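Just so we're clear, the structure is a prediction, and the values are computed from it rather than from any experiment. Here is how names work: the chains are called A, B, and so on, in the same order as the sequence lines, proteins then strands, and each is numbered from 1.
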There are 2 protein chains.
Amino acid sequence: MSPRQPDKSPSQVDVARLAGVSTQTVSRVLSGQGSVRPETARRVMAVVDQLGYRVHAAAASLASGRTRLLGVLVVSTDRYSSSALGVGIEHAAAANGYTVTTAAVPDHASGEAFFEAFDRLERQGAEGVVIGVPVELNSPAMRMRMDRTPSIRSERASLAEDAPLAVDQHAIARLAVEHLLDLGHETVWYVSGDDYWLESQHRREAWEQTLLERGITPPPVIPGDWTPESGYRAGRTIAAIPGVTAVFVSSDEMAFGLLRALHEAGRTVPDDISVVSVDDIALAAYASPALTTVRQPFEALGRAATLRLIAEIEGRDAVGDLPETEPTLIVRSSTARPQAATSS
Amino acid sequence: MSPRQPDKSPSQVDVARLAGVSTQTVSRVLSGQGSVRPETARRVMAVVDQLGYRVHAAAASLASGRTRLLGVLVVSTDRYSSSALGVGIEHAAAANGYTVTTAAVPDHASGEAFFEAFDRLERQGAEGVVIGVPVELNSPAMRMRMDRTPSIRSERASLAEDAPLAVDQHAIARLAVEHLLDLGHETVWYVSGDDYWLESQHRREAWEQTLLERGITPPPVIPGDWTPESGYRAGRTIAAIPGVTAVFVSSDEMAFGLLRALHEAGRTVPDDISVVSVDDIALAAYASPALTTVRQPFEALGRAATLRLIAEIEGRDAVGDLPETEPTLIVRSSTARPQAATSS
DNA sequence: TTGTAAGCGTTATCAG
DNA sequence: CTGATAACGCTTACAA
């Protein structure tokens with residue numbers, strides 16, 4: 001609607017001229033590199049303010065070879081994990097003078113789509129990228145990309161690998177299952193997330209393993225896909241199975257659906273069935289009943305990943321300053337000791 | 001850990017040399033601008049693939065004066081509205097060859113912090129910005145910024161102004177209140193969002209106005225701040241007030257807290273009290289009872305805002321292709337006719 | 001402490 | 001249809 005203003009924005013040259021110095025001096029003042037007589041600096045800054053001058057990022061990065069741009073690769077940004085991660089990433093980036101650009105790939109995107117998104121980030125000049133989607137890190141195509149631009153993944157690639165960065169999915173499942181077992185439940189059923197996600201697979205493995213360690217044969221997995229709808233379906237399935245007293249659901253959102261299905265089927269939580277989920281979203285405390293859940297420190301994780309990434313980009317080490325990323329069990333009202341069998 | 005590869009990435013010159021053409025031809029092939037003999041183009045592309053060449057964004061935008069970068073200004077990205085908006089923005093941007101960079105300002109940020117974020121986006125080269133936070137658009141500082149970089153706001157600045165873009169907050173409140181009134185409730189109480197947000201203020205105004213139009217004196221506003229905790233507090237307050245039969249809560253998240261408080265106080269929804277909220281988040285259908293709510297089409301809004309912004313940047317008009325952004329009432333189980341007064 | 005000169009990798013302009 | 005050549009606005013040497 002409004003016409004684009006024709007007068008181009010002021011450049012370093014304009015500032016230099018008005019301040020009666022060379023462009024180099026202007027650059028020095030603005031970057032803080034090199035020494036400038038205080039008085040000169042003041043004079044330059046005055047002109048900068050007067051003109052409303054700001055460095056042209058493209059020109060600066062063309063000349064310096066640095067963009068201070070970080071890329072983030074996530075699935076549809078409205079997922080809880082994506083946005084929670086994003087908060088941590090943005091903070092850490094901003095604190096270090098980096099900016100962030102996001103590329104979202106659709107859920108269940110093909111490897112193709114993923115590479116495309118990665119390339120888009122590289123093309124924009126991202127000096128590093130935080131990967132928040134499930135990808136096969138060992139494919140040649142991925143290796144090639146990670147080779148030229150440092151990348152860090154916010155989840156562990158395999159149960160065995162010890163990525164100091166990822167939330168320990170094994171620990172999450174163990175925390176949940178052991179809580180239930182320690183309460184006196186004889187076994188724990190598992191409602192999975194979408195197995196497209198490694199997290200989901202890892203939790204299943206750890207759930208199985210924890211049960212096995214106690215000499216319990218794992219019951220069949222009830223499949224879910226993270227959505228409340230799938231939790232609801234899982235709840236109906238579970239309600240139809242006699243004898244179930246404890247369920248580990250792979251996300252809070254699914255737990256909401258599960259709770260409703262159980263309620264509709266006349267099962268009360270936690271009296272008939274105990275439920276523990278994962279994430280600790282803001283609403284978890286306001287489910288009925290309030291959810292016992294394993295909190296994932298996504299924000300800390302995003303921060304940690306970013307800090308490490310920046311360290312790698314700048315060629316230093318980033319030990320010591322890394323935030324804690326251990327999952328923690330939050331006990332609320334959806335879990336209890338199993339009812340005495342007398343009632344049945 | 002891994003050393004940065006010393007061999008710099010290939011440039012247009014490298015491609016040109018290998019393909020036996022000028023850099024200009026390479027540029028033409030890659031941009032699709034200007035005509036090139038098909039055979040030449042093929043030869044260039046072959047070299048491009050072979051070398052893994054990709055244009056250097058900074059250089060390109062320095063030369064062309066275009067960045068194809070859009071900025072987004074939101075509060076803490078983990079808010080539902082922010083991320084839902086973001087999804088729409090990203091889609092529309094990607095579909096038009098633009099990339100997106102986000103600047104998050106803390107909730108309740110000062111005008112200062114906001115301008116800083118805006119400037120950061122400008123410095124990065126954003127050609128336009130979508131504003132998703134409450135700001136005074138008429139301050140000189142803001143005027144100045146919007147003057148040099150096209151900006152579009154995803155909410156209506158005042159109840160009177162008819163921004164074709166914003167979700168109609170007035171309509172939201174009217175939909176909610178009239179639904180309740182039509183059900184037979186004598187008045188409707190209102191739990192506000194955070195009044196730092198214009199949306200919240202506008203909904204209050206419209207709630208008041210709708211009541212007044214029917215000759216009803218609005219009861220006092222129960223203050224909230226969007227969080228489930230504040231909804232819970234509001235619920236306790238309401239439970240202590242005799243005679244309340246209908247409540248309009250300004251967000252689904254608050255509704256969850258409200259529901260819990262009401263439940264704890266022994267009031268049943270919707271039999272004793274009807275509740276309608278706003279947003280229609282994924283979990284709204286899984287509250288107990290399922291929430292009747294006014295859906296805000298955030299994604300469509302983000303898309304529409306972006307489309308208009310791009311149109312403005314490119315100096316064309318964007319009529320016709322704008323998505324619908326009307327709010328819609330979703331009736332579920334948290335509302336019903338008031339119980340006959342006989343029971344009291 | 002300050003200035004000069006030479007690029008950085010593209011695209012635009014103008015010839016051919 | 002293709003190719004020189006000149007910007008684009010800044011930073012990094014190197015000189016003064």
K.L.:
Please enumerate all residues that pass salt bridge (charged side-chain N to carboxylate O under 4.0 Å, His left out) together with B/Arg37, with sequence neighbours excluded.
P.N.:
none

K.L.:
Could you tell me how far apart A/Leu62 (CG) and D/dA7 (P) are, to the nearest whole angstrom?
P.N.:
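From A/Leu62 CG to D/dA7 P: 17 Å.
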
K.L.:
Near DNA chain D, which residues from residues 47-57 of chain B have a heavy atom under 4.0 Å away?
P.N.:
none

K.L.:
So does A/Val100 get a backbone contact from the side chain of B/Thr101, meaning a donor-acceptor N/O pair under 3.5 Å?
P.N.:
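A pair under 3.5 Å: yes.
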
K.L.:
Would you call B/Met45 and B/Leu30 a side-chain contact if the rule is heavy atoms closer than 4.5 Å?
P.N.:
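Sidechains of B/Leu30 and B/Met45: in contact.
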
K.L.:
Name the one of A/Val130, A/Asn96, A/Thr306 that satisfies side chain to side chain contact (heavy atoms under 4.5 Å, CB included) with A/Leu70?
P.N.:
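Only one of A/Val130, A/Asn96, A/Thr306 forms a side chain to side chain contact (heavy atoms under 4.5 Å, CB included) with A/Leu70, namely A/Thr306.
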
K.L.:
With sequence neighbours left out, what residues match A/Asp194 under salt bridge (charged side-chain N to carboxylate O under 4.0 Å, His left out)?
P.N.:
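Here no residue qualifies.
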
K.L.:
Measure from CD on A/Gln33 to P on C/dG3 and round the result to the nearest Å.
P.N.:
18 Å

K.L.:
So, is A/Ser61 near the phosphate of C/dC8, with a side-chain N or O under 4.0 Å from OP1 or OP2?
P.N.:
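No.
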
K.L.:
Rounded to whole Å, please give me the gap between CD in B/Gln12 and P in D/dA4.
P.N.:
14 Å

K.L.:
Report the end-to-end axis angle of the helix from C/dT1-D/dA16 to C/dG16-D/dC1; each axis comes from five terminal pairs, and the value is rounded to 10°.
P.N.:
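Both end axes considered, the difference amounts to 30°.
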
K.L.:
Using a 4.0 Å heavy-atom cut-off across all strands, classify A/Ser64 as base, sugar-phosphate, or nothing.
P.N.:
sugar-phosphate

K.L.:
Filter on side chain to side chain donor-acceptor pair (under 3.5 Å), then keep only pairs touching residues 55-74 of chain B, sequence neighbours left out; what's left?
P.N.:
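Checked against side chain to side chain donor-acceptor pair (under 3.5 Å) - neighbours excluded - the pairs reaching residues 55-74 of chain B are B/Arg66-B/Tyr98, B/Arg66-B/Glu127, B/Thr67-B/Glu127.
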
K.L.:
For A/Glu122 and B/Arg54, what are the C-alpha separation, side-chain angles and deciding distance, and is it a salt bridge (Lys or Arg N to Asp or Glu O under 4.0 Å)?
P.N.:
CA-CA 9 Å; A/Glu122 283 186 320; B/Arg54 270 138 3 148; 2.6 Å; yes

K.L.:
Tell me the interatomic distance from B/Glu39, atom CD, to D/dT2, atom P, rounded to whole angstroms.
P.N.:
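About 9 Å, once rounded to whole Å.
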
K.L.:
B/Tyr196 vs B/His108 aromatic rings, parallel, tilted or perpendicular, using cut-offs 30° and 60°?
P.N.:
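The rings of B/Tyr196 and B/His108 sit tilted, inter-plane angle from 30° to 60°.
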
K.L.:
Okay, side chain of B/Asp14, backbone of B/Ser11: is any donor-acceptor separation there less than 3.5 Å?
P.N.:
yes

K.L.:
Determine whether a donor-acceptor pair (N or O, by modelled atom type, separation under 3.5 Å) exists between the side chain of B/Arg145 and the backbone of B/Ala141.
P.N.:
yes

K.L.:
Roughly, in whole Å, what's the span from CZ in B/Arg42 to P in D/dC1?
P.N.:
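The distance from CZ of B/Arg42 to P of D/dC1 comes to 13 Å, rounded to the nearest Å.
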
K.L.:
Could you check how far CZ of B/Arg68 sits from P of C/dT11, rounded to whole Å?
P.N.:
13 Å

K.L.:
Name every residue in residues 19-31 of chain A that has at least one heavy atom under 4.0 Å from any atom of DNA chain D, in order of residue number, or write none if there are no such residues.
P.N.:
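Heavy-atom cutoff 4.0 Å gives A/Gln24, A/Ser27.
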
K.L.:
How do B/Ala59 and B/Thr40 order along DNA chain D: which one's closest nucleotide is nearer the 5' end?
P.N.:
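Taking each residue's closest nucleotide, the earlier one in sequence belongs to B/Thr40.
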
K.L.:
Whether the side chain of A/Arg303 engages the backbone of A/Gly88 through a donor-acceptor N/O pair (distance < 3.5 Å, no angle test) should be reported.
P.N.:
no

